[in-house]
Undergrad: 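Take this structure first; my questions come after.
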Number of protein chains: 2
Amino acid sequence: MNQKLFAPTAEIARNLESLRIDTPPVTLREMALERLRNAIIAGLFSPGQRLVERTLCDQLGVSRSVIREVLRHLETEGLVETAPKQGPIVALIDWHQARQIYDVRIALETTAVADCARNADTATKNKLKTVLQDLDRNSRKNDALTILAATTEFYETIFLSGGHEIAWDIVKRLNSRISRLRVMTLSTTNRTVSGPARMREIFNAIERNDPEAATAACRAHIMEAARIAESLLVSAGQAKP
Amino acid sequence: MNQKLFAPTAEIARNLESLRIDTPPVTLREMALERLRNAIIAGLFSPGQRLVERTLCDQLGVSRSVIREVLRHLETEGLVETAPKQGPIVALIDWHQARQIYDVRIALETTAVADCARNADTATKNKLKTVLQDLDRNSRKNDALTILAATTEFYETIFLSGGHEIAWDIVKRLNSRISRLRVMTLSTTNRTVSGPARMREIFNAIERNDPEAATAACRAHIMEAARIAESLLVSAGQAKP
DNA sequence: CGTGATATTATGGTATACCATCATACGGAA
DNA sequence: TTCCGTATGATGGTATACCATAATATCACG
């Protein structure tokens, strides 16, 4: 046999990939993970609240095996922590941690934004523009969750356009850990205005391929959020016991 | 009763904390996690190799519950991935991912290093100096693992001195995903020399409180490693199937 | 000799059973 | 009344049992 004829070229391999039938083997565990994570992020469980395994079994209708594996996953993500001799609780966040998270976000998001400003193609720019237009249309409603979703899509576009899936993954994970904080921040006076305004600055810088300006605007965007979060957190005194 | 007399001050609270008896409830799961993670990092399992649950049970002498929870943890860490209809395998790494990891490391480590150069106290500087001296003493042996450990301690000192536990956690996790690559990189000609040299540059910049120089040296340190890793990875053709 | 159907096995997904430990409640004694 | 000891229940840690499915081997038929 002529090996050469059958050796898959890179192009053939790519084409074959589009043939793949994605048969998402939706396991109970994945569904439970999704549900529980969303519940925690949405604030259905408050920070520090105990997550009793058997109770969760009843609430989600699955067995402890599933619950425990899900808890391990969320624990590794940082959304759940296990108190010694007590079991899993919803992770608490104090300002020391939250501040670090904002710091990491600054480091990663400014990098992504600058990269995007250097290399973004037309499609990416159009996508960003669309997201911002939707945001403008919706920001009147002052709906924190809507704005949050649009903000997420904005940054997701920026990260993924540059092929920074891993960094985006990290940012997503960190954001879920400060989800409550983000919602509270967005509910603050003027944040529903200043946030989108900063994002437009970022977009403008990207559109005219100005990495420095994009970086500066991005840093300002996050630092403003961090400042608001700090005032909320220290005034609320949500310290880690 | 006079409340004031019994209200714990911050100082008393701190002193009380040192009284705490840390009773590490060493669970089977934690031990198994440690073992398996180290085994993967050490290359005892090769990338892509299947991790059959029942086999691991025999090898580690624990039940499947434990193994499965450990696998979930490692999966979330990125060290293990589950192939559909096949189960868990040791995560594969291609250059696209490795490059992203080096990028994130650049973003986080340059930030930490700059911060350290701005704020490091004498104790931190002394610690860094000691680590480097040990490294110099050992680098003659060209032992990749020794150098790796010292490098880790060097950066750990930098991150933790600035209170960047979360960022350090992220970096540690990312490094474990490219552990093989790092060892291979260190086995390369001259890397056992150039690496420590770069670290000394970083240290010198920190010692004279020069954030910009520290940042530049750190970026150079990582980018050199990335370049070597790239040549190794693309030549070996370790692509993700 | 090859091809397709069927039996067997391997393997992950899920549920459940058991145990040790810790917290709580209760009761008796000083 | 207070304090201590015991009993009981709640809870997480661990092991095991069962099931569905996919991979593999076997065999019969062309």
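Lettering of chains follows the sequences in order, A, B, ..., and the numbering in each one begins at 1.
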Undergrad: Salt bridge (charged side-chain N to carboxylate O under 4.0 Å, His left out), that's the test. Do B:Arg227 and B:Glu230 meet it? Break it down for me.
TA: CA-CA 5 Å; B:Arg227 250 194 305 277; B:Glu230 180 181 15; over 6 Å; no
Undergrad: At a heavy-atom distance below 4.0 Å, which nucleotide of DNA chain C is the first touched by chain B, and which is the last?
TA: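 Counting from the 5' end, contacts occupy C:dT11 to C:dT14.
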Undergrad: Given atom CD of B:Glu30 and atom P of D:dG12, what is their separation to the nearest angstrom?
TA: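 The distance from CD of B:Glu30 to P of D:dG12 comes to 15 Å, rounded to the nearest Å.
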Undergrad: Can you confirm whether A:Arg35 is buried at CZ, in the sense that more than 12 heavy atoms of other residues, nucleotides or ligands lie under 6.0 Å from that atom?
TA: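 Incorrect, the count does not exceed 12.
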Undergrad: Can you sort out which residues in residues 61-70 of chain B have a heavy atom within less than 4.0 Å of DNA chain D? Ascending by number, please.
TA: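 Going residue by residue through residues 61-70 of chain B, the ones with a heavy atom under 4.0 Å of DNA chain D turn out to be B:Val62, B:Ser63, B:Arg64, B:Ser65, B:Val66.
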Undergrad: Answer yes or no: is there a side-chain heavy-atom contact under 4.5 Å between A:Leu79 and A:Ser176?
TA: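 Touching, per the 4.5 Å side-chain cut-off.
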Undergrad: Holding to salt bridge (charged side-chain N to carboxylate O under 4.0 Å, His left out), I want the full list of residues that pass it with B:Arg99, two or more places apart in sequence or in another chain.
TA: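 Salt bridge (charged side-chain N to carboxylate O under 4.0 Å, His left out) list for B:Arg99, sorted by chain: B:Asp103.
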Undergrad: Could you list all the ring-ring contact (aromatic ring centres under 6.0 Å, His included) pairs where at least one residue sits in residues 167-187 of chain A, not counting sequence neighbours?
TA: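 Checked against ring-ring contact (aromatic ring centres under 6.0 Å, His included) - neighbours excluded - the pairs reaching residues 167-187 of chain A are A:Phe159-A:Trp168.
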Undergrad: Taking salt bridge (Lys or Arg N to Asp or Glu O under 4.0 Å) as the cut-off, I'd like each qualifying pair that reaches into residues 152-167 of chain B, sequence neighbours left out, listed once.
TA: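 Checked against salt bridge (Lys or Arg N to Asp or Glu O under 4.0 Å) - neighbours excluded - the pairs reaching residues 152-167 of chain B are B:Lys127-B:Glu153.
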Undergrad: Near DNA chain C, counting only heavy atoms under 4.0 Å, which residues of residues 48-56 of chain B show up?
TA: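 The stretch gives B:Arg50, B:Leu51, B:Val52, B:Glu53, B:Arg54 as the residues lying under 4.0 Å from the strand, ordered by number.
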Undergrad: Where do A:Glu77 and A:His73 land on the side chain to side chain donor-acceptor pair (under 3.5 Å) test, with the steps shown first?
TA: CA-CA 6 Å; A:Glu77 276 190 10; A:His73 191 115; 3.2 Å; yes
Undergrad: Rounded off to whole Å, could you give me the CG-to-C1' distance for the A:Leu71 and D:dT11 pair?
TA: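 Rounded to whole Å, this separation is 13 Å.
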Undergrad: Heavy atoms only: give me the nearest B:Phe45-B:Ala39 pair and the separation to one decimal.
TA: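 Shortest heavy-atom separation between B:Phe45 and B:Ala39 comes out as CE1-CB, 3.6 Å.
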Undergrad: Can you check the A:Asp58 CG to D:dT11 C1' distance for me, whole Å?
TA: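 To the nearest whole Å, that distance equals 13 Å.
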Undergrad: Is any side-chain heavy atom of B:Arg68 less than 4.5 Å from a side-chain heavy atom of A:Arg72?
TA: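 They are not in side-chain contact.
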Undergrad: Are side-chain N/O atoms of A:Thr55 and A:Asp58 paired as donor and acceptor at under 3.5 Å?
TA: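 No - no donor-acceptor pair under 3.5 Å links their side chains.
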